[in-house]
Amino acid sequence: MYKQHDSRRAPTWDETDPARAARLHADTDRDRHTYTRSGFQPVDCRACGTRAFVRKNSEKHTSIQWRDSSDRNCPVLNEWRGGAEIPEGEDTCPRMLASIRYAYAEGLITLAEGVDPEDAEHMVNPLYLPE
């Protein structure tokens, strides 16, 4: 456990600058929403019906969330967890990936717009202090 004045501990500004601490906490909440909820769209697997939430950040970049333990409903992932061999280069269910590609090709999901970043000022390093 770190001591209050331990130099290894990042500053919090909670006591010395409450207004700055409040801004940092608000930015953290906004980041959490931006990166974990904004722009995600539901996609149901065409093979098993398991639902994942997907954000297409670009043609090639896709973020997938298995919310509420929905990954436990995927038979492929369950086989992998049970010891089945995972094909080289695979990190999620190939059936879900095919469903995502289909949904995107058919216009059922779209590229996320305006998700990252929300605004130019928000992405400035809040720890930077001009001299």
request  = Just jot down the salt bridge (Lys or Arg N to Asp or Glu O under 4.0 Å) partners of Asp29, sequence neighbours excluded, or say none.
outcome  = Arg32
remark   = Scanning both residues in full, the closest heavy-atom pair of Thr110 with Gln41 reads O-NE2, 2.9 Å
key: Verify same cluster id: Leu77, Val43 (apolar side-chain graph, 4.5 Å)   = yes
task = Kindly compute the distance separating CG (Leu111) from CD (Glu59), expressed to the nearest 0.5 Å.
result = 5.5 Å
ask   = Other than Leu108, which residues form its hydrophobic cluster under the rule that side-chain heavy atoms must be closer than 4.5 Å?
value = Tyr102
Only pairs under 3.5 Å count here: list side-chain donor-acceptor contacts from residues 88-100, not counting sequence neighbours, and write none if there are none.
from, atom 1, to, atom 2, distance (Å)
Ser99, OG, Arg46, N, 2.8
Ser99, OG, Arg95, O, 3.0

key: Those residues that, when tested against Arg101, pass side chain to side chain donor-acceptor pair (under 3.5 Å) (two or more places apart)   = none
message = Just so I know, are the side chains of Tyr104 and Val54 near enough to count as touching, which here means a heavy-atom distance under 4.5 Å?
response = no
key: Set of side chain to side chain contact (heavy atoms under 4.5 Å, CB included) partners for Ser63, sequence neighbours left out   = Phe40, Arg55, Asn57, His61
Can you list, pair by pair, the side-chain donor-acceptor contacts under 3.5 Å of residues 78-86, counting residues two or more places apart and other chains?
from, atom 1, to, atom 2, distance (Å)
Asn78, OD1, Arg81, NH1, 2.6
Asn78, ND2, Arg72, O, 2.8
Asn78, ND2, Cys74, O, 3.2
Arg81, NH2, Asp71, OD2, 2.6

